[in-house]
Undergrad: 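Structure below; questions to follow.
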Amino acid sequence: MKLLRYGAKGAEKPALIDEQGRVRDLSSVLPDITAQTLEPDALQRLRQLDASTLPMVPQPGRIAPPWTGMGKFVCIGLNYADHAAEANLPVPAEPVIFMKPTSCVVGCNDAVVLPQDSVKTDWEVELGVVIGTRARYVPEADALRHVAGYCVVNDVSEREYQIERGGTWDKGKGCDTFGPVGPWLVTADEVPDPQSLDLWLDVNGHRVQNGNTRTMVFGVAQLVSYVSRFMTLYPGDLISTGTPPGVGMGRKPAPVYLKPGDEMKLSVAGLGEQRQRVYAWDPELIDH
């Protein structure tokens, strides 16, 4: 099952994708797709719907983040060995955890707005893991039972803020619009093996990232289990699992960073596609 939300900011409507790839409105069934919608019983009720009876939406317009009520946006750093190498950093012995504030979350095709004075904003295609059942000290063998589904994430990052400004990575990760999520949340039953998914990202039509989740240092089950030792995970929480090589910071002979007018296009196999245009600082693009 593929769940999505569509419509202008503040007026989003719930929907699903039917077997023919058409958008079907869910407004008659539930007011919105929330964290509670992602719990097992609620998802099962949606699976029992006859999608053909739901109104079709031929022109959905803006595709919003697939659910609302995300409590935590947890990220894993350096989780592909070849990405660690291009960053000139050792492969971690344990997962590197940092957080993006949920205020950075935007829809899959929304504008990415460069923060004021930014000169080193970078791209990162990632597999997102969405929690559906509370997880606390979860054994690795049981971890995937706590996953509601998966989605595409672009972990947009300002490298100067992240690396050169002291302190933790978070200040380079949490700028407004730096968390495109979606287009859909694909439920876990449609992703039998999260460790065999191709993922890629283009900038201005040029392929810069091309990887597969099989090369993760720490797999999805390991990550859910590990993170649950340090914080309780709740339905609607998101874990973004790291990026393969090809980020701008690692380009040779010199780094390449995003500038106004650039376009990113990215995907994870079976989870849909994102496309964002990059803009100079403009709060109107963020707020409306």
Undergrad: Treat each ILVMFWY residue as a node, draw an edge where side-chain heavy atoms are under 4.5 Å apart, and state whether Val224 and Met70 are in one component.
TA: no

Undergrad: In terms of side-chain geometry, is the basic nitrogen of Arg5 or Asp32 positioned less than 4.0 Å from the acidic oxygen of its partner?
TA: yes

Undergrad: Under 4.5 Å between any side-chain heavy atoms of Val152 and Glu273, yes or no?
TA: no

Undergrad: For residues Pro60 and Val23, report the shortest heavy-atom separation together with the two atoms involved.
TA: CG-CG2, 4.2 Å

Undergrad: Identify whether the distance between the nearest side-chain nitrogen and carboxylate oxygen of Lys173 and Asp170 falls below 4.0 Å.
TA: no

Undergrad: Does Val106 reach the side chain of Pro180, with side-chain heavy atoms less than 4.5 Å apart?
TA: yes

Undergrad: Could you walk me through whether Tyr234 and Arg134 pass the side chain to side chain contact (heavy atoms under 4.5 Å, CB included) test, one step at a time?
TA: CA-CA 4 Å; Tyr234 292 95; Arg134 190 182 76 165; 3.6 Å; yes

Undergrad: Could you check whether any side-chain heavy atom of Phe98 comes within less than 4.5 Å of a side-chain heavy atom of Asp155, counting everything from C-beta outward?
TA: yes

Undergrad: Give a yes or no on whether the backbone of Gly128 and the side-chain of Ser240 come within a donor-acceptor separation of less than 3.5 Å.
TA: no

Undergrad: Just by distance, do the side chain of Thr241 and the backbone of Leu127 share a donor-acceptor pair under 3.5 Å?
TA: yes

Undergrad: Which of these passes side chain to side chain contact (heavy atoms under 4.5 Å, CB included) with Gln276: Thr177, Asn154, Asp110?
TA: Asn154

Undergrad: Answer yes or no: is there a side-chain heavy-atom contact under 4.5 Å between Ser27 and Pro14?
TA: yes

Undergrad: Within the supplied structure, the quantity of interest is the number of heavy atoms (other residues, nucleotides, ligands) at a distance under 6.0 Å from Asp50 CG; does it exceed 12?
TA: yes

Undergrad: Test Arg159 against Gln162 for side-chain hydrogen bond (donor to acceptor under 3.5 Å, both in side chains), laying out the working first.
TA: CA-CA 5 Å; Arg159 302 301 190 187; Gln162 176 188 353; 2.9 Å; yes

Undergrad: Can you check whether Glu12 reaches Arg62 side chain to side chain, under 4.5 Å on heavy atoms?
TA: yes

Undergrad: Does some side-chain heavy atom of Val156 sit less than 4.5 Å from a side-chain heavy atom of Cys175?
TA: no

Undergrad: Working to the nearest 0.5 Å, report the span between OG of Ser228 and CD1 of Ile239.
TA: 8.5 Å

Undergrad: Report the residue from Val181, Thr34, Leu4 that forms a side chain to side chain contact (heavy atoms under 4.5 Å, CB included) with Trp67.
TA: Val181

Undergrad: Does Lys13 have more than 12 heavy atoms from other residues, nucleotides or ligands lying within 6.0 Å of its NZ?
TA: no

Undergrad: Between atom CG of Leu238 and atom CZ of Phe73, what is the distance when rounded to the nearest 0.5 Å?
TA: 5.0 Å

Undergrad: Evaluate the side-chain proximity of Ser157 to Phe178: yes if any heavy-atom separation is below 4.5 Å, no if none is.
TA: no

Undergrad: Please report the shortest heavy-atom distance between Ser267 and Gly272, naming the atom on each side.
TA: OG-O, 2.8 Å

Undergrad: Could you walk me through whether Met99 and Val74 pass side chain to side chain contact (heavy atoms under 4.5 Å, CB included), step by step?
TA: CA-CA 5 Å; Met99 308 286 281; Val74 184; 3.8 Å; yes

Undergrad: Could you go step by step and tell me if Lys9 and His288 meet the side chain to side chain contact (heavy atoms under 4.5 Å, CB included) rule?
TA: CA-CA 7 Å; Lys9 292 181 181 180; His288 299 290; over 6 Å; no

Undergrad: Are Val153 and Val220 linked, directly or through intermediate hydrophobic residues, by side-chain heavy-atom contacts shorter than 4.5 Å (ILVMFWY only)?
TA: no

Undergrad: Would you compute the distance between atom CG of Leu197 and atom OH of Tyr150 and round it to the nearest 0.5 angstrom?
TA: 8.5 Å

Undergrad: Is a donor on one side and an acceptor on the other found under 3.5 Å between the side chain of Asn79 and the backbone of Phe218?
TA: yes

Undergrad: Without swapping roles, check the side chain of Arg24 against the backbone of Leu54 for a donor-acceptor pair under 3.5 Å.
TA: yes

Undergrad: Restricting to ring-ring contact (aromatic ring centres under 6.0 Å, His included), what partner residues turn up for Tyr161, sequence neighbours left out?
TA: none

Undergrad: Donor-acceptor pair, distance only, cut-off 3.5 Å: does the side chain of Glu126 make one with the backbone of Gly242?
TA: yes

Undergrad: For Asp198 and Ala269, indicate whether the former's side chain and the latter's backbone hold a donor-acceptor pair under 3.5 Å.
TA: no

Undergrad: Would you say that more than 12 heavy atoms from the other residues, nucleotides or ligands in this model lie under 6.0 Å from the CD of Glu19, or not?
TA: no

Undergrad: What closest approach, in Å, do Ile63 and Pro183 show between heavy atoms, and which atom pair accounts for it?
TA: CG2-O, 3.7 Å

Undergrad: Does any N or O in the side chain of His83 come within less than 3.5 Å of the main-chain N or O of Gly246, such that one atom is a donor and the other an acceptor?
TA: no

Undergrad: Which distance, rounded to the nearest 0.5 Å, do you find between the CG of Leu46 and the CD1 of Ile33?
TA: 7.5 Å

Undergrad: Using a 3.5 Å distance criterion without hydrogens, assess whether the side chain of Thr213 forms a donor-acceptor pair with backbone atoms of Pro194.
TA: yes

Undergrad: Which heavy atom in Ala135 sits nearest to a heavy atom in Val138, and how many Å separate them?
TA: CB-CG2, 3.4 Å

Undergrad: Under a single-linkage definition using a 4.5 Å side-chain heavy-atom cutoff for Ile, Leu, Val, Met, Phe, Trp and Tyr, are Trp169 and Tyr80 assigned to the same hydrophobic cluster?
TA: no

Undergrad: Salt bridge or not for Glu158 and Lys171, using N-O below 4.0 Å?
TA: no

Undergrad: Under 3.5 Å, is there a donor-acceptor pair between the side chain of Gln274 and the main chain of Gly182?
TA: yes

Undergrad: So does Glu190 pair up with Arg47, basic N to acidic O under 4.0 Å?
TA: no

Undergrad: Count I, L, V, M, F, W, Y as connected when their side-chain heavy atoms are under 4.5 Å apart, and connections chain through other members. Are Tyr226 and Val217 then in the same cluster?
TA: yes

Undergrad: Could you go through Lys72 and Leu233, starting from their C-alpha distance and side-chain angles, then the distance that decides it, and tell me whether this counts as side chain to side chain contact (heavy atoms under 4.5 Å, CB included)?
TA: CA-CA 8 Å; Lys72 292 190 284 295; Leu233 297 168; 4.1 Å; yes

Undergrad: With rounding to the nearest 0.5 angstrom, report the OH to CE distance, Tyr257 to Met249.
TA: 6.5 Å

Undergrad: Taking Gly21's backbone N and O only, do any of them form a donor-acceptor pair with Lys2's side chain (distance below 3.5 Å, no angle check)?
TA: no

Undergrad: Just how far is it from atom CD of Glu39 to atom CD of Gln44, taken to the nearest 0.5 Å?
TA: 14.0 Å

Undergrad: Let me know which of Leu258, Asn204, Val125, Asp202 forms a side chain to side chain contact (heavy atoms under 4.5 Å, CB included) with Met264.
TA: Leu258

Undergrad: Measuring only between side-chain heavy atoms, which start at C-beta, is Pro255 closer than 4.5 Å to Lys120?
TA: no

Undergrad: Quick one: do Leu144 and Met216 end up in the same hydrophobic cluster if we chain Ile, Leu, Val, Met, Phe, Trp and Tyr together by side-chain heavy atoms under 4.5 Å apart?
TA: yes

